[in-house]
Novice: 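My questions all concern the structure below.
Along the sequence shown, residues are numbered consecutively beginning with 1.
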Amino acid sequence: MEWSDYAEMSRKERTQLYRRAKQGSIIARRQFYTLSAELKKEANKRLYRLEKANLDYGKNYNFISYFLQTQHDSNRVPTAKKLNYDLGEMFTLNEVILKFLNNKSSLVKNARSSELHRIKTLQEHKILPESFDRKKDVNFLKFLGNEEVSGTIDEYGTSDVIVEMIFGAYQKNGAEIFPILKRALNEFLANRKTFDEAMEEAGINIEDYEYMRSRNNNL
């Protein structure tokens with residue numbers, strides 16, 4: 001059985017294999033360790049390729065990267081030895097890996113296609129100029145992948161306007177604005193600042209944006 005076969009199993013079937021291994025079945029344990037090693041190898045290979053292609057951002061990449069950093073203090077899937085062969089910890093990790101691998105964007109060609117589609121969409125919405133440097137496009141997209149940005153959009157709504165505001169600040173100040181924006185959005189999400197105050201901290205005047213002017217006038 002290969003990792004792809006394991007991925008096609010239902011969660012119930014994977015759980016049953018894990019339980020048999022935990023209960024002492026030598027065959028199940030050997031199979032579980034082998035599959036876990038294959039999952040680790042495939043996930044680390046895809047993470048490396050995404051990073052090499054400068055595609056180390058986006059929800060799927062950030063999902064597994066955040067888990068590995070917070071749970072294992074690493075940017076790579078650890079070996080079974082580093083996990084002290086803890087079957088429960090390995091099973092949890094395997095489920096995270098499968099979620100990453102089963103997403104098409106874990107492959108460079110699909111992540112690249114998604115990136116180009118995102119850039120084109122932002123250009124169509126008149127947020128990104130068509131003449132904008134592609135490296136700057138990617139830097140901007142990477143910042144949009146931050147949890148602070150997605151959290152603000154979920155909390156406040158009006159995603160296009162927020163993205164436009166962030167791009168305006170980026171175009172004016174360059175990448176130096178990103179840490180300031182990140183801190184300001186954190187303040188908003190922690191309810192320590194209103195959205196208007198957070199934007200002001202980042203040097204963004206919301207009155208420059210038509211939607212925000214009409215919204216505030218209707219409050």
Novice: Is the centre of the Phe100 ring less than 6.0 Å from the centre of the Phe67 ring?
Specialist: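 For Phe100 and Phe67, the ring centres are not under 6.0 Å apart.
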Novice: Within the distance-only criterion (no hydrogens, no angle test), does the side chain of Asp5 pair as donor or acceptor with the backbone N or O of Glu2 below 3.5 angstrom?
Specialist: yes
Novice: Rounded at 0.5 Å granularity, tell me how far CE in Met9 sits from CG in Leu17.
Specialist: 5.5 Å
Novice: Regarding Asp56 and Lys142, does a basic nitrogen lie under 4.0 Å from an acidic carboxylate oxygen?
Specialist: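 Answer for the salt bridge query: yes.
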Novice: Please check if the side chain of Gln171 supplies one atom and the backbone of Gly168 the other of a donor-acceptor pair under 3.5 Å.
Specialist: no
Novice: Would you say the ring centroid of Phe143 lies under 6.0 angstrom from that of Tyr170?
Specialist: no
Novice: For the residue pair Asp196 / Thr194, report whether a side-chain donor-acceptor contact shorter than 3.5 Å exists.
Specialist: no
Novice: Answer yes if the ring centres of Phe167 and Phe140 are under 6.0 angstrom apart, and no otherwise.
Specialist: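 For Phe167 and Phe140, the ring centres are under 6.0 Å apart.
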Novice: Measure from the side-chain N and O atoms of Thr34 to the backbone N and O of Arg30, and report whether any donor-acceptor pair falls under 3.5 Å.
Specialist: yes
Novice: Could Glu201 and Arg183 be called an ion pair, given the rule that one side-chain N must be under 4.0 Å from one carboxylate O?
Specialist: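 Salt bridge: yes.
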Novice: Do Asn94 and Ser36 get their side chains close enough for a donor-acceptor pair, meaning under 3.5 Å?
Specialist: yes
Novice: Tell me if a side-chain donor or acceptor on Ser114 pairs with a main-chain N or O of Asn110 at a distance below 3.5 Å.
Specialist: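 Between the backbone of Asn110 and the side chain of Ser114 there is no qualifying donor-acceptor contact (under 3.5 Å).
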Novice: Search all heavy atoms of Ala202 against all heavy atoms of Ile180 and return the closest pair with its distance.
Specialist: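 For Ala202 versus Ile180, the nearest heavy atoms are CA-CG2, 3.9 Å.
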Novice: Do you reckon Leu107 sits in the same ILVMFWY cluster as Leu98, going by side-chain contacts under 4.5 Å, direct or chained?
Specialist: no
Novice: Ala21 and Ala28: which non-hydrogen atoms are nearest, and at how many Å?
Specialist: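 Looking at all heavy atoms of both residues, the closest pair is N-CB, 3.6 Å.
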Novice: State whether the number of non-hydrogen atoms from other residues, nucleotides or ligands found under 6.0 Å of Glu200 atom CD is greater than 12.
Specialist: no
Novice: For Glu42 and Lys45, run side-chain contact (heavy atoms from CB on, under 4.5 Å): C-alpha distance rounded to whole Å, both residues' side-chain angles, the deciding distance at 0.1 Å, then the answer.
Specialist: CA-CA 5 Å; Glu42 183 65 23; Lys45 180 175 70 176; 3.2 Å; yes
Novice: What pair of heavy atoms forms the shortest contact from Leu181 to Ala169, and how long is it?
Specialist: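 What the structure gives for the nearest pair is CD1-CB, 4.3 Å.
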Novice: Please check if Leu50 and Tyr66 belong to a single hydrophobic cluster, counting links between Ile, Leu, Val, Met, Phe, Trp and Tyr side chain heavy atoms closer than 4.5 Å.
Specialist: no
Novice: With a 4.5 Å heavy-atom cut-off, do His72 and Leu93 have their side chains touching?
Specialist: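 His72 vs Leu93: side chains touch.
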Novice: Which atoms form the tightest heavy-atom contact between Ser105 and Ala111, and what is the distance?
Specialist: O-CB, 3.5 Å
Novice: Compare all side-chain heavy atoms of Asn103 with those of Phe63 and state whether any distance is below 4.5 angstrom.
Specialist: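 No, every pair of side-chain atoms sits at 4.5 Å or beyond.
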Novice: Give the intermediate values and the outcome of side-chain contact (heavy atoms from CB on, under 4.5 Å) for residues Val96 and Leu68.
Specialist: CA-CA 9 Å; Val96 171; Leu68 293 175; over 6 Å; no
Novice: Going by salt bridge (Lys or Arg N to Asp or Glu O under 4.0 Å), name the pairs with one or both residues in residues 57-81, residues two or more places apart or in two chains.
Specialist: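 Every salt bridge (Lys or Arg N to Asp or Glu O under 4.0 Å) pair that includes a residue of residues 57-81, provided the two are not neighbours, is Glu51-Arg76.
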Novice: Hey, what do you get for CE (Met90) to CG (Leu39), rounding to the nearest 0.5 Å?
Specialist: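 It comes to 9.5 Å.
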Novice: Less than 4.5 Å apart, any side-chain heavy atom of Ile64 and any of Leu47?
Specialist: yes
Novice: Under the rule for salt bridge (charged side-chain N to carboxylate O under 4.0 Å, His left out), what residues qualify as partners of Arg14, not counting sequence neighbours?
Specialist: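 Arg14 satisfies salt bridge (charged side-chain N to carboxylate O under 4.0 Å, His left out) with Glu95 only.
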Novice: Any salt bridge (Lys or Arg N to Asp or Glu O under 4.0 Å) pairs touching residues 82-92, not counting sequence neighbours?
Specialist: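 Every pair satisfying salt bridge (Lys or Arg N to Asp or Glu O under 4.0 Å) with a residue in residues 82-92: there are none.
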Novice: State plainly whether one hydrophobic cluster holds both Leu116 and Tyr61, where clusters connect Ile, Leu, Val, Met, Phe, Trp and Tyr through side-chain heavy atoms under 4.5 angstrom apart.
Specialist: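 No, no single cluster joins them.
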Novice: Rounded to the nearest 0.5 Å, what separates atom CG in Leu185 from atom CD in Glu148?
Specialist: 7.0 Å
Novice: Look at the side chain of Ser106 and the backbone N and O of Asn102, then say whether any donor-acceptor pair between them is shorter than 3.5 Å.
Specialist: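 Looks like no, no N/O pair under 3.5 Å.
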Novice: Is atom CZ of Arg49 surrounded by more than 12 heavy atoms (other residues, nucleotides or ligands) closer than 6.0 Å?
Specialist: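 For Arg49, atom CZ is not crowded (no more than 12 foreign heavy atoms under 6.0 Å).
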Novice: Would you call Phe32 and Leu87 a side-chain contact if the rule is heavy atoms closer than 4.5 Å?
Specialist: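 A side-chain contact under 4.5 Å exists here.
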Novice: Output every pair passing salt bridge (Lys or Arg N to Asp or Glu O under 4.0 Å) with a member in residues 106-116, not counting sequence neighbours, ordered by first then second residue.
Specialist: Arg112-Glu115, Glu115-Arg134
Novice: Does Leu101 offer a backbone N or O that forms a donor-acceptor pair with the side chain of Arg46 under 3.5 Å?
Specialist: yes
Novice: To the nearest 0.5 angstrom, please state how far the CZ atom of Phe188 sits from the CG atom of Asn186.
Specialist: 11.5 Å
Novice: For Glu8, what residues pass the salt bridge (charged side-chain N to carboxylate O under 4.0 Å, His left out) criterion, not counting sequence neighbours?
Specialist: none
Novice: Distance check, rounded to the nearest 0.5 Å: Thr15 atom OG1 versus Arg11 atom CZ?
Specialist: 4.5 Å
Novice: Mind checking the CD-CZ spacing from Gln123 to Arg118? Nearest 0.5 Å is all I need.
Specialist: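 Here the interatomic distance stands at 12.0 Å.
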Novice: Under 6.0 Å from the OH atom of Tyr48, do we count more than 12 heavy atoms belonging to anything else shown?
Specialist: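 No.
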Novice: Restricting to pairs with a member in residues 3-27, which pass ring pair (Phe, Tyr, Trp, His ring centres under 6.0 Å), not counting sequence neighbours?
Specialist: Tyr18-Phe91
